[in-house]
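As structure tokens, the structure follows; a few thoughts come after it.
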Protein chains: 2
Amino acid sequence: MDTHLLRTFVAVARHGSFTAAATELGYTQSAVSQHVAALETDLRTPLLRRRPVALTDAGARLLEHAEPLLLRLAAARADVTRLVAAPAEHLVVGASALALGGGLAGALAAVRSRRPLVSPTVRVLERTEIAARVADGTLDLGLVDGVAAPTDPLPLPDVGPLSAVAVAQAPLAVLLPPGHPLEGRRGLRLADLADARWIDAPEAAMPLDRLRAASGSDGFRPSLRYEGTDVRGLIALALAGHGLALLPEPALDGVAAGVPVPRLVHRVELLHGGLTDGPAALLAAALTG
Amino acid sequence: MDTHLLRTFVAVARHGSFTAAATELGYTQSAVSQHVAALETDLRTPLLRRRPVALTDAGARLLEHAEPLLLRLAAARADVTRLVAAPAEHLVVGASALALGGGLAGALAAVRSRRPLVSPTVRVLERTEIAARVADGTLDLGLVDGVAAPTDPLPLPDVGPLSAVAVAQAPLAVLLPPGHPLEGRRGLRLADLADARWIDAPEAAMPLDRLRAASGSDGFRPSLRYEGTDVRGLIALALAGHGLALLPEPALDGVAAGVPVPRLVHRVELLHGGLTDGPAALLAAALTG
DNA sequence: GACTTGTCATCAGTGATACTTATGTGGCGT
DNA sequence: ACGCCACATAAGTATCACTGATGACAAGTC
């Protein structure tokens, strides 16, 4: 079970094609075929069905392991080289959509004034992607938002030793349509709303599966799916009665009133993998200080 | 950064010797030397100081990544082969010391009566070791205990997709020496006791760092360290005033009275990596059913 | 201080093996 | 039925991952 074999296996599984994987990796089709065959004889079980190429059960299981494994391998390399190499004079920040608000603009301005030569990049990514890209060095810093108990850290995919610091924290509010029976309630436990219908807006609000994890319930069934990062659109849909939405209170922005949710907060955390003293450290200081 | 290179690097770091690592791995010393050199040129930084052999900073960092990486690799192999191979007719259960109580004896008896031929092994291990050994297939089942909020799962080191099921849950109690100012209190939040002096008994009770994580405080300073799994000894020390101890209430066993701690429970969870239908599945059914 | 000893680095040689090129084979569409 | 596409297999080669031998260096011994 060599890393190279796993890498080509993952490529084949992703492309659904031996030849496509071969061209991606710079191999011949023959080599890819041999790699997969070697893995299969090593594990004594077929991993792929051919013609058409599809994962077997064992293959699917292996893929579940292989992808994070390769990610962690890349993270290890990035972490060690980060120790050695001089801090780069560029700055790439990844942020989930709802994490953009908390002072990033101001902090970036502070960096630019002190280091006019660096031209920062801000990249909006899915929450799951950010930790991975910070770990493997593609991003210098990450800003992720999420819902958690006030004392708990945000649950993050474990991709190696990353440091996380809270940079902003706000109460949560459920956005109810006008006339909803619960309107005007003072406190609303999230579990009480597990049976309600929700708008599933994984980019603009909290993904519903995260709510289930945070509340320990398995409700939160979606009535409408909203694909996009624009919060205003989500608010409009929620007010029109298409479903409930859970948002940080500041995001409501006076446009609408929400019912506060106790015991849970919306938090933005800064992710980094060991700061040296490049522009990334400056930005981190501006964000946290 | 091949897996073989990482493996020999880890072996060298553990043994503090190239030759010892070579004999362990069945290589010549020359090969080990070349492996380490290859890693160092690949990462463009020395990983080990020689004569005496010691880790550099970069080497220590790499080791932090390499060990879990190799563990996950073994876990992946075990997980896939478990899918394929026939369920073995043996049964190895790992358990942390405080997890032994909850019905394991009875459940084992149930298994033995139905499968008289299997001779089970019970192995008492440190909490951190159990998840790793279940993942890589050394253990068929694991029983770990820990402290968490009633709705939260126990925090486990992430070694791949493992299933965890609660098998026993008990309230927690702080064991105070007689005459302690807080004696007789009804409820006691753990954070209130962060400044007190504690007995650090990582094998017999909860390790203090776990308490810090569970309570979100950084107190819980140790006044005495207790190495051993015998709870009676720990109770005697706590009653003699050497420090506080946090134990599941049943463990006090009438010997002593403790002050209950709300919002946190002691829980024993059963760990397995996908059950087939061997004796392990029988035992799991007996424990959870 | 020379000698011995133990340990890691280096070199040259060789056997394994990881690739390529070329060819075989089976399903699928026309 | 036929060709076409995609994966499997075979044969050949070039690389490189090992071994064994030797060198270099530090520490301990007399």
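Letters go in sequence order (proteins before strands), and every chain restarts at 1.
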- [ ] Using a 4.5 Å cut-off on heavy atoms from C-beta on, say whether the side chain of R7(B) contacts that of L69(B).
- [x] no
Task: pair T138(B)-V92(B): side-chain heavy atoms closer than 4.5 Å - done: no
Task: Carboxylate-amine/guanidinium contact D79(B) R82(B), below 4.0 Å - done: yes
Spacing between [X] atom [atom1] and [N] atom [atom2], to the nearest angstrom:
| X | N | atom1 | atom2 | result |
| --- | --- | --- | --- | --- |
| L5(A) | dT17(C) | CG | P | 13 Å |
| Q34(A) | dA8(D) | CD | P | 10 Å |
| H15(A) | dA6(D) | NE2 | P | 14 Å |
| F18(B) | dT7(C) | CZ | P | 13 Å |
| H4(A) | dA18(C) | NE2 | P | 10 Å |
| E40(A) | dC7(D) | CD | C1' | 12 Å |
| L48(A) | dA6(D) | CG | C1' | 14 Å |
| Y27(A) | dC7(D) | OH | P | 18 Å |

Can you find an N or O donor on one side and an acceptor on the other, under 3.5 Å apart, linking the side chain of [X] with the base of [N]?
| X | N | value |
| --- | --- | --- |
| S17(B) | dT7(C) | no |
| S33(B) | dT10(C) | no |
| T28(B) | dG20(D) | no |

TODO: Counting heavy atoms from C-beta on, name the nucleotide in dT20(C), dG20(D), dC7(D) closest to the side chain of S30(B).
DONE: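 Closest nucleotide to the S30(B) side chain: dG20(D).
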TODO: Select base, sugar-phosphate, or nothing to describe what V32(B) touches, counting heavy atoms under 4.0 Å on all strands.
DONE: nothing
TODO: Describe the nucleic acid contact of H35(A) in one word from base, sugar-phosphate, nothing, applying a heavy-atom distance below 4.0 Å.
DONE: sugar-phosphate
TODO: Would you check if the distance from the ring center of H35(A) to the ring center of Y27(A) is below 6.0 Å?
DONE: yes
- [ ] Starting at OG of S96(B), measure out to CD of E129(B) and round the result to the nearest 0.5 Å.
- [x]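 If I round to the nearest 0.5 Å, the distance is 12.0 Å.
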- [ ] Determine: side-chain N/O of T19(A) to OP1/OP2 of dC7(D), distance under 4.0 Å, yes or no.
- [x] yes
Task: Taking every non-hydrogen atom, the tightest pair across T45(B) and V80(A) - done: CG2-CG1, 4.1 Å
Identify all pairs in which a protein N or O lies below 3.5 Å from an N or O of nucleotides 23-30 of chain C, and state each distance.
residue, atom, partner, partner atom, Å
dG26(C), N2, R51(A), NH1, 3.2

Open item on the list: For R221(A), I'd like to know if atom CZ has over 12 heavy atoms of other residues, nucleotides or ligands within 6.0 Å.
Closed with: yes
